[in-house]
Amino acid sequence: MGKTCLVTGCAGFIGSHLTQTLLDEGHFVVGVDNFASGYAHNMDGFINHEQFAFYEKSITEPGLLAALKKLHPELDAVFQLAAVVSVPYSVEHPGLTMRVNFEANRDMLDAARKMGISRFVFAGSAAEYGEEGRLPVKEEYADKVEQLSPYGVAKYKSSAYIAESGYGCSLRFFNIFGPRQDPSSQYSGVISRFVDFGLAGKRMVIFGDGEQTRDFLYVSDVVTSYLLAAGLDGQGRGPLTGIYNIGTGNGRSVRELAIVIADLTSAPQEIDFRAERAGDIKHSRADVSKITAEGFRAEFSFEDGLACTVEWARNSQP
Ligand SMILES: NC(=O)c1ccc[n+]([C@@H]2O[C@H](COP(=O)([O-])OP(=O)(O)OC[C@H]3O[C@@H](n4cnc5c(N)ncnc54)[C@H](O)[C@@H]3O)[C@@H](O)[C@H]2O)c1
């Protein structure tokens, strides 16, 4: 039976993919976004869907969940993706970041629990691990580090609040990529830039030696993890409680990334190396044993995910 699900941040990169899948699987989606970083065109595929209702609102609005529950009494799942997503912006606006990325989440969680909503999933982040040097990164490491930005602090406080409450879960995503990703994203913006170089027939530009590694996860696998976390994967798994890393468990270097994208776009294979940028973390990779034990496994290979992303970018060119 289809559920009624709230997706905040439904006009964003990940939220639009999650919304589309929930609709495809027969659920009703209540979408909320204030377009702080999302775009109306990301919702083109579903804005007129009869099982979709959109509200242009901020998650900081007091009583938002109660108002939505009144309009949609069947509401039984909350996917809280809306957030201040830019780390530099969070440094310039720490107060707003705390309000959106922690306080609004805390209030939404408390309200959802009181209303008896049975599924609550929050978008955590690898930024909660600060400069953690041990690899792969385990969930508990975040409790002993200092996060490097208001973004990381607020995400960490939200995840910790969820864990303490024993209600709902936080999925700590590593570097997500795929169609509709924001080219300025600190997570996977490098992919958009390489695809742009490639499609323009230019050489890839890498800052540093290119040996810095990240745990890149294709967006369809992120959606799979959301369905599992909410107990909506159709296989009887979940809903989950607590904190879970979501990644592949494999680190891929920026140099590998450049080579695969150059290949997919028939761009020159020679790379233009430039001086390393200050503040870049050298390596990041998730320990995924906790979510693996719940039955999650990334299905898309790095190469297949990149091929889909390049295809999308090629078709989206003016
Ligand atoms: N992209 C990644 O690699 C990555 C990694 C870790 C965590 N995350 C988290 O996943 C979530 C989704 O990220 P994304 O990459 O899709 O970013 P995105 O910017 O594309 O999506 C975020 C959406 O939230 C909306 N939003 C922002 N503030 C809002 C508010 N106050 N009220 C209502 N809507 C608001 C934005 O307009 C946007 O549509 C975020 O919480 C982000 O922190 C993303």
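Predicted model only: the values in this text are computed from it and were never measured. Ligands are counted one by one from 1 in listed order, and the atoms in each one are counted from 1 as well.
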State, to 0.1 Å, how close D33 and C10 come at their nearest heavy-atom pair, and which atoms those are.
OD2-N, 3.3 Å
Using a strict 4.0 Å cut-off to heavy atoms of A123, name the atoms of ligand 1 that fall inside it.
9 (C), 10 (O), 11 (C), 41 (O)
Heteroatom distance test (I14, ligand 1): nitrogen or oxygen, under 3.5 angstrom
yes
Test your reading of the structure: does L81 have an N or O sitting under 3.5 Å from an N or O of ligand 1?
yes
Polar side chain donor-acceptor pair, N42 to S16, under 3.5 angstrom:
no
Rounded at 0.5 Å granularity, tell me how far CD1 in I59 sits from CD in E61.
11.0 Å
For I176, is at least one N or O under 3.5 Å away from an N or O on ligand 1?
yes
Applying a strict 4.0 Å limit to heavy atoms, is V85 in contact with ligand 1?
yes
Looking at K155, is its backbone amide N or carbonyl O close enough to the side chain of N101 to form a donor-acceptor pair, meaning the two atoms are under 3.5 Å apart?
no
Does CD belonging to E146 count more than 12 external heavy atoms closer than 6.0 Å?
no
Does at least one non-hydrogen atom of F174 fall below 4.0 angstrom from an atom of ligand 1?
yes
Hey, does the Lys NZ or Arg CZ of R214 hover above the aromatic six-ring of F177, less than 6.0 Å from the centre and inside 45° of the axis?
no
Does any N or O of ligand 1 fall below 3.5 Å from an N or O anywhere on V32, backbone included?
no
Heavy atom of K155 under 4.0 Å from ligand 1?
yes
With a 4.0 Å cut-off on heavy atoms, is G124 touching ligand 1?
yes
Any N or O of D33 closer than 3.5 Å to N or O of ligand 1
yes
For ligand 1, the portion of F13 having any non-hydrogen atom under 4.0 Å away
both
Could you list which atoms of ligand 1 come closer than 4.0 Å to a heavy atom of I59?
30 (C), 31 (N), 32 (N), 33 (C)
Are any of the N/O atoms on N34, whether in the backbone or the side chain, positioned under 3.5 angstrom from an N/O atom of ligand 1?
yes
For the OH atom of Y218 and the CG atom of L306, what is their distance to the nearest 0.5 Å?
9.5 Å
Restricting to side-chain contact (heavy atoms from CB on, under 4.5 Å), what partner residues turn up for E299, sequence neighbours left out?
D221, R297
Sorted by chain and residue number, the side-chain contact (heavy atoms from CB on, under 4.5 Å) partners of K202 (sequence neighbours excluded) come out as F197, A200
Would you say S37 has any N or O atom under 3.5 Å from an N or O of ligand 1, going by distance alone?
yes
Is Y151 close enough to touch ligand 1? Criterion: a residue heavy atom under 4.0 Å from a ligand atom.
yes
Numbered in order shown, the ligand 1 atoms found under 4.0 Å of a heavy atom of A11 are 39 (O)
We want to know whether T4 and D76 form a side-chain donor-acceptor pair, criterion being a heavy-atom distance below 3.5 angstrom.
no
State the atoms of ligand 1, each with its element, that fall below the 4.0 Å cut-off from a heavy-atom position in G38.
36 (C), 37 (O), 38 (C), 39 (O)
Do S170 and S159 pair up side chain to side chain, a donor and an acceptor below 3.5 Å, judged on atom types alone?
yes
Contact with ligand 1 for T8, non-hydrogen, under 4.0 angstrom:
no
Element-labelled atoms of ligand 1 that are located less than 4.0 Å from some non-hydrogen atom of F35
37 (O)
Under a heavy-atom criterion of less than 4.0 Å, does K57 contact ligand 1?
yes
Contact summary for S149 and V91, nearest pair of heavy atoms
CB-CG2, 4.3 Å
Any N or O on G12 sitting closer than 3.5 Å to an N or O of ligand 1?
yes
Before signing off on this row, confirm whether A126 and ligand 1 have an N or O atom pair separated by under 3.5 Å.
no
Hydrogens and angles aside, do D110 and Y161 bring a side-chain donor and acceptor to less than 3.5 Å of each other?
yes
